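Since the structure is predicted, the reported quantities are computational estimates derived from the model, not experimental observations.
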Protein chains: 2
Amino acid sequence: MNSSRPVTIKDIARRFRCSPSTVSRALNDHPAINEDTRKNIQEYAREVGYQRNEVSLSLLNKKTASLGVVVPTISNYYETAVIEGLHTVLQPMGYTLNICVTNENYLLEKEYLSKLLSNRTEGIFLSVSQETYDSGYYEHLENVIQRKTPLIFIDREYEDFETSRATVDDYHGAFAAVEHLISIGYKKIAHLKGPNGLTVSEQRFKGYVDCLKKYDMPVQEELIINTNFKVESAIVPTKRLLDMASPPDAIFGANDQVAIGAMRVVKDRGLRIPQDMGLVGFDNSPISAYTFPSLTTVSRPGRKIGMEASRLFLNQVNGSGDFVHENIVLPSELIIRESSLRI
Amino acid sequence: MNSSRPVTIKDIARRFRCSPSTVSRALNDHPAINEDTRKNIQEYAREVGYQRNEVSLSLLNKKTASLGVVVPTISNYYETAVIEGLHTVLQPMGYTLNICVTNENYLLEKEYLSKLLSNRTEGIFLSVSQETYDSGYYEHLENVIQRKTPLIFIDREYEDFETSRATVDDYHGAFAAVEHLISIGYKKIAHLKGPNGLTVSEQRFKGYVDCLKKYDMPVQEELIINTNFKVESAIVPTKRLLDMASPPDAIFGANDQVAIGAMRVVKDRGLRIPQDMGLVGFDNSPISAYTFPSLTTVSRPGRKIGMEASRLFLNQVNGSGDFVHENIVLPSELIIRESSLRI
DNA sequence: ATAATGAATGCAAACGTTTGAAAAAATTTA
DNA sequence: TAAATTTTTTCAAACGTTTGCATTCATTAT
C-alpha cells in the first residue's frame with residue numbers, strides 16, 4: 001500500500017506461483033494459456049494496477065515509438081499548427097511526440113539531438129535554430145545521419161544535406177504579395193524583413209526583391225529593415241520609415257506580427273490604411289482577419305506541412321532501403337483583405 | 001558502414017578484447033581504469049559515434065528523466081508561456097519534457113496519461129481537458145496517484161484531489177477588470193464568457209458577477225454570452241450585444257482573443273473605443289499592446305506559472321515522504337491601456 | 001498398462017548498461 | 001624470491017519483458 005514501486009510481471013508470478021512467462025502470455029492473450037489462469041491473472045493485474053514497463057520493451061525490441069520534434073520556438077501560430085499536423089497523423093499510429101524548443105540556440109539544439117539519439121528516438125523533425133543556421137555548424141547532424149535515424153527538415157534546411165524536407169513556398173508567396181501591392185497602385189513598397197540568415201526570411205526577401213525588379217521598381221536599401229518577427233520589433237523600424245523625407249506608401253511585413261506592429265504605428269500617425277498606406281503580412285494567423293482594417297496576408301499551411309512531414313517520415317520508415325529523399329514545397333496563398341484594398 | 005545498428009559497449013569490448021565492464025568504466029572515467037586503456041577506448045568510441053543507450057539505463061536505474069506535460073492546446077500564448085516556464089527550470093536539470101496535446105478530449109487525455117505511466121515518466125503536469133472536466137471522470141487519474149507519480153495541476157483542478165497545483169488568480173483579475181470599468185463610469189457591462197465548466201471561465205465569470213453585485217449593478221443574463229476563447233467566436237455574440245434595444249457600453253472579454261474579435265465588430269459599427277464602448281480582455285498577450293486602440297487587459301504570468309509548477313514538482317521529488325501538497329495562486333495584474341480609458 | 005497426443009507451463013536467453021565483489025596481473029616491499 | 005600490496009580487469013547479477021524450445025502433466029487411443 002505504501003510502497004510505490006510499480007508492480008511487475010514477476011510480482012504477479014510470485015503471487016500465482018507460476019513463471020513470468022505464463023503471466024506475460026496470460027496478459028497478452030496468448031492461446032496456449034489456460035482459460036482460468038488467464039482470467040485470474042488478468043483480473044489480478046487490473047486490481048493492482050499493473051502497467052507494462054514500456055522501457056524494458058523498448059530495450060528488447062529496439063523500438064521506442066517516440067519521435068523528436070525540434071523547433072526554435074512554439075510561441076507562434078505557425079509552429080503550433082505544424083505540431084498539430086504532425087500530431088494528427090502520428091498520434092493515431094502510436095507515436096509519441098517529444099517536443100524540444102531550442103530558443104534559436106545552437107548548443108541547446110545540439111544537446112537535444114544528442115539526447116534524442118541516446119533515447120533511441122525513431123525519427124526527428126527539425127527546424128534548425130537561427131544560431132545553427134548562422135554559424136553553419138552541422139556536425140551535430142552528422143551523428144543523426146550516421147545513425148540513419150530518419151531526419152525530416154521543416155522549413156529551414158541545409159542545402160547540402162541529403163534529407164527529406166517539407167516547406168512552404170515563401171518565395172512565391174512574398175512575390176504574390178508584392179505583386180498585389182503593385183497592381184493596386186502602390187509605388188514605394190518597404191519591407192520589414194525577418195531575422196537575417198533564416199531561410200524563411202531570405203526567401204520572402206528574395207520574393208520581394210525579384211518582384212520589384214520584374215516591375216522595374218528600384219530596390220532601395222533604406223526601405224528594408226530588420227525585425228525579429230515579434231510585434232514590438234516592428235515599432236521602431238516603422239517609425240523610421242514614416243520619418244523619411246519621402247516615406248513608402250506600402251509595407252510588406254515578413255509576418256503578421258510585424259505587420260500588426262506597423263499597423264499600429266501607422267494609425268498612430270493618423271495615416272489611413274489602405275488609403276495612405278498599404279499593408280501586407282505573412283502567415284494568415286487567426287487574428288489577421290480581425291484587425292481593423294483586416295490584414296492582407298499570405299497563408300502558410302502549417303497543419304499541412306506537419307502532415308506532409310509525417311508522410312515523408314512514414315515513407316522513409318516503411319519504404320525499402322533504396323529510399324529517395326523528397327522535397328515537398330507547399331504553395332502559399334495570397335489572402336486579400338482590407339489593408340491593401342485601396343480603390 | 002551500411003549497417004545502421006547503433007554501436008554498443010559490447011561491440012567496443014569485442015574490438016579491444018576486453019569485458020564490457022571495462023569499456024563502461026573507461027567511458028565513465030572510472031579511476032580504476034588504466035590511463036591508456038581509457039584513452040584508447042574513448043577515442044575509438046568517439047570515432048565510431050558511440051552513444052550510450054539511455055533506454056537500458058532507464059531500465060536499470062528506474063529513472064527516465066522525462067516528464068509529461070498534458071495540456072488541452074498549445075495554440076494560445078498562455079499555454080506556450082507555461083511550457084516555456086517549465087522548460088526554463090527543468091531543462092537545465094536534465095529533464096526532458098514530453099508534451100501531449102489533448103485537444104480538450106477525454107479519451108486522448110486518458111490514453112496519454114496511461115502511456116506516460118507505462119513509459120515510467122517521473123512526473124506529470126496536467127491541465128485537464130474540458131471534456132474531462134465536464135464529465136467529472138477521474139479514474140484515469142487514480143492510476144497516477146496510486147503509482148505516486150508526482151502530479152501537478154496547472155490551472156484546472158479537481159477540488160477533491162490531493163495534489164499540488166499552480167494557478168493564476170483569475171477571480172480577482174476579473175474582479176479588478178470590471179471594477180476598473182465601473183470606476184471609469186461604464187454603466188452596462190457585458191461579458192463574453194469562456195467555455196462553460198472550465199475553471200478559468202467560471203472564475204472570471206464569478207469575478208465579473210461578484211464585482212457587479214458589490215457595486216449594486218444588476219447581473220443581466222442577456223449580457224453574458226458564451227465563446228470558445230477564439231477570435232471568431234466573439235463576432236456573433238458581440239453583434240447580438242450591439243443589436244440590443246439598449247446595448248451595453250462596455251464589454252469584458254474572457255480573453256484577449258475574444259476582446260479583439262469584439263473590438264473589430266464594435267469598430268465596424270462605427271462606434272468609438274473607449275468613448276462609446278469600453279473594452280477589456282484577459283491574458284496580456286503580446287498583441288494586446290499593439291491593437292488600435294491598445295487593449296486594457298489582465299496579465300497572466302504563464303511563464304511564472306510554469307516555473308512555480310516546476311518548483312512544486314521538485315519539492316515533491318526531493319522532499320521527504322511526509323510531503324504536504326501546495327496550492328500556489330499567482331496574482332494577476334490589471335494592465336490599463338487605451339480601450340477602457342474614457343476620460 | 002502404455003504409448004501417443006495435446007494442452008499448459010517453465011527455462012533460459014536476449015536487449016544494453018552498471019556495479020560490487022572477486023580475480024588476475026603488475027608492482028613494491030621485505 | 002616470496003609475500004604483500006596496488007593496480008587493473010573480469011564475473012555475475014540486475015532492471016522487466018518476450019519468446020523459441022523444452023518440459024511437465026493430463027488425456028486419449030491402442
Please state whether the rings of Y112(A) and H87(B) are parallel, tilted or perpendicular, taking 30° and 60° as the class boundaries. tilted
Check this for me, if you would: do R5(B) and D11(B) make a salt bridge, where the nitrogen-to-carboxylate-oxygen distance has to be below 4.0 angstrom? yes
Applying a 4.0 Å non-hydrogen cut-off, can you work out what T37(A) is touching in the nucleic acid: base, sugar-phosphate, or nothing? sugar-phosphate
Expressed in angstrom and rounded to an integer, what is the separation of N34(B) atom CG from dT27(C) atom C1'? 13 Å
Mark yes or no for a side-chain to base donor-acceptor pair under 3.5 Å between R5(A) and dG16(D), with no hydrogen or angle criteria applied. no
Against the side chain of T22(A), the closest entry in dT17(D), dT18(C), dT9(C) is dT9(C)
Specify the separation, in whole Å, of atom CZ of R52(B) and atom C1' of dC15(C). 17 Å
Name the orientation class of the two ring planes belonging to Y106(B) and H140(B) (parallel below 30°, tilted from 30 to 60°, perpendicular beyond 60°). perpendicular
With the side chain of S56(A) defined as its heavy atoms from C-beta on, choose the nearest nucleotide among dG10(C), dT10(D), dG16(D). dG16(D)
Taken to the nearest whole Å, CG/D11(B) to P/dA14(C) is 15 Å
Indicate, with a heavy-atom threshold strictly under 4.0 Å, whether K62(B) touches base, sugar-phosphate, or nothing. sugar-phosphate
Say you draw a straight line from CD1 of I305(B) to CD1 of I154(B); how long is it, rounded to the nearest 0.5 Å? 7.5 Å
Under 4.0 Å, heavy atoms only, any strand: does N28(A) hit a base, just the sugar-phosphate, or nothing? sugar-phosphate
5'-most contact on DNA chain D (nearest-nucleotide basis), L59(A) vs A32(B), goes to A32(B)
Distance in angstrom units between L60(A) CG and dT17(D) P, rounded: 11 Å
What's Y50(A) touching, base or sugar-phosphate or nothing? Going by heavy atoms closer than 4.0 Å. sugar-phosphate
For the residue pair Y44(A) and F16(A), categorise the inter-ring angle as parallel (less than 30°), tilted (30 to 60°) or perpendicular (more than 60°). perpendicular
So does S24(B) get a side-chain nitrogen or oxygen closer than 4.0 Å to the phosphate oxygens (OP1/OP2) of dT17(C)? no
Whole-Å distance separating the NZ atom of K10(A) from the P atom of dC11(C): 13 Å
Rounded to whole Å, how long is the line connecting atom CG of N40(B) with atom P of dT9(D)? 11 Å
Side chain of S21(B) - closest among dC11(C), dC11(D), dT17(C): dC11(D)
Length of the line joining H30(B):NE2 and dG20(C):P, which is rounded to integer Å: 8 Å
Kindly indicate whether the side chain of T8(A) and the base of dC15(D) share any N or O donor-acceptor pair separated by less than 3.5 Å? no
Report which part of the nucleic acid R25(B) touches: base, sugar-phosphate, or nothing (heavy-atom distance under 4.0 Å, all strands). base
Round to a whole Å and report the spacing from CZ of R14(B) to P of dT17(C). 12 Å
Answer with base, sugar-phosphate or nothing: what part of the nucleic acid does I9(B) contact at a heavy-atom distance below 4.0 Å? sugar-phosphate
Backbone of T64(B) reached by a side-chain donor or acceptor of E122(B) within 3.5 Å: yes
